[in-house]
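In what follows, a structure is listed as structure tokens, so that the remarks can point back to it.
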Amino acid sequence: MTTSAELIEVSERRSAHNYHPLPVVLHEAHGAWVTDVEGRRYLDFLSGYSSLNFGHGNEKILAAAQEQLRNLTLTSRAFYHDQFARFCAGLADLTGKDMILPMNTGAEAVETAIKVARKWGYLVKGVERDKANIVVMEDNFHGRTTTIVSFSTDPDARDDYGPYTPGFTIVKYGSADAIRSAIDDDTVAVLVEPIQGEAGVLVPPDGYLTQVREICTEQNVLMIADEIQSGLGRTGRTFACDHEGVVPDIYVLGKALGGGVVPVSAIAADEDVLGVIKPGQHGSTFGGNPLACAVGSAVVEILRTGEFQVRAAELGGIMHARLRELVGHGVVTVRGRGLWAGVDIDPSLATGRQVSEALMARGVLAKDTHGSTIRLAPPIVISEEDLLWALDRLAETVDSLR
Ligand SMILES: *Cc1c(COP(=O)(O)O)cnc(C)c1O
């Protein structure tokens, strides 16, 4: 069992069909390049949905992981370990917050933020028990738990998973007025992606995040920014909220926090918020484990210098300039920020899936979202030359469809 065809056949027969992967079987990767089992090379323009911002096999991250693998990998939170303090203090400094609550996956971090916001609502704001509501956005993506899919507006993500968790009010993304109207005395939080990734890299109107911040402050409601995909360098800043100088009450982080090595997620908040959680009230066996903390600390170190943020901004400028040239030539619109773009292909030419397959044949791996949109998010370590090469392949692909 060694060829792509054989491995794909067994994968499809012996695993649930909860994904529809491109027909490529990867074997190894370095930087922005991945190689399949037949030795074909591709540029990775998905980066594990921005989990690989710092590249495949990043040396600093690998070194930290390898050293930690030899020393200590798991303790559970029943004991302290020597990587925990550094990770929490480092990430707290990076976010400008007092405290960290580490988890593993993004969905767990979102769940953590929801629990903290509800508890804060009851203990601090004085909302009547079990009455709290949270304002969320249309076309959101926050993960796959039963509570999170309860407030998804994507039928694929939500249908047939009821009964659903109550306590969420869904409003239009990008409208501050919609949030204002939805908030009532029992609202404890507004949960928002500063840029909606899965929805197609949707950037809200200028000033939106500032208004969300103002409304939350005025109404005594927590602003929760899900920066799992938008954060940690991708948009050219440490956090997408930084573009408007906005500081949420709770940052939700994941994906790239694990350096492409292990799942690491966390929420960051000040003590008046995170302090509501007491021993026994929330937790995770693997959350904040030594390996995760060592890797997470390496990521924090990398981000502290600001180099990746600057690089994402510079390469992003180059990428968006090139993509704009394609508008009107098979591309309808291009959105995004930093080294992150959503590209709407003329739906009469091809589906996003067909474009992704055609790109793959030319040596570039990207993934469609809804309809004819593809998203581009190469590792930030990509060279300018490779970036331009891949964008030429996209131009060629779109041209071949016309
Ligand atoms: C990926 C993602 C999540 C969920 O993270 P998992 O690690 O897959 O659970 C949540 N929110 C956003 C914005 C994401 O992009």
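Ligands are counted one by one from 1 in listed order, and the atoms in each one are counted from 1 as well. Only a predicted model underlies this, so the values are computations on that prediction, with no experimental measurement involved.
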Per-atom filter on ligand 1: closer than 4.0 angstrom to a heavy atom of Ala107 are 4 (C), 5 (O), 6 (P), 9 (O)
If we number the atoms of ligand 1 from 1 as shown, the ones under 4.0 Å from a heavy atom of Glu193 are 13 (C)
| field | Residues Asp177 and Ser175: side-chain donor-acceptor under 3.5 angstrom | value |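 No, no side-chain donor-acceptor contact under 3.5 Å.
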Heavy-atom distance to atom 13 (C) of ligand 1: which of Leu257, Val192, Leu191, Asp226 wins?
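Selected option, by shortest heavy-atom distance: Asp226.
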**Q.** Where Pro347 and Val332 come nearest, the two heavy atoms and their spacing
**A.**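 Closest pair (atom of Pro347, atom of Val332, distance): CD-CG2, 4.3 Å.
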Under 6.0 Å from the OH atom of Tyr161, do we count more than 12 heavy atoms belonging to anything else shown?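 Atom OH in Tyr161 is not crowded, with 12 or fewer foreign heavy atoms closer than 6.0 Å.
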Q: Around atom 6 (P) of ligand 1, find the nearest protein heavy atom and jot down its residue, atom name and distance.
A: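 For atom 6 (P) of ligand 1, the nearest protein heavy atom is Gly106 N, 3.4 Å.
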>> For Trp389, does the six-membered ring have the charged nitrogen or CZ of Arg393 within the cation-pi criterion, i.e. under 6.0 angstrom from the centroid and within 45° of the normal?
In response: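 Cation-pi check for Arg393 and Trp389: passes.
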Below the 3.5 angstrom mark, is there an N/O of Glu198, backbone or side chain, next to an N/O of ligand 1?
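Looking only at distances, the answer is no, because the N/O contact criterion of under 3.5 Å is not met.
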Result for side chain to side chain contact (heavy atoms under 4.5 Å, CB included) between Leu91 and one of Val264, Leu303, Val300 points to Val300
From the list Asp386, Leu376, Leu326, Val364, side chain to side chain contact (heavy atoms under 4.5 Å, CB included) with Leu391 holds only for Leu376
Notebook entry, point to check: Any protein heavy atom lying closer than 4.0 Å to atom 9 (O) of ligand 1?
Noted result: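 Under 4.0 Å from atom 9 (O) of ligand 1, at least one protein heavy atom found.
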Relative to ligand 1, is Lys255 under 4.0 angstrom through side chain, backbone, both or neither, heavy atoms considered?
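Only the side chain of Lys255 comes within reach of ligand 1.
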Practice problem: Take every heavy atom of Phe141, measure it against each atom of ligand 1, and state whether any distance is under 4.0 Å. | Solution: yes
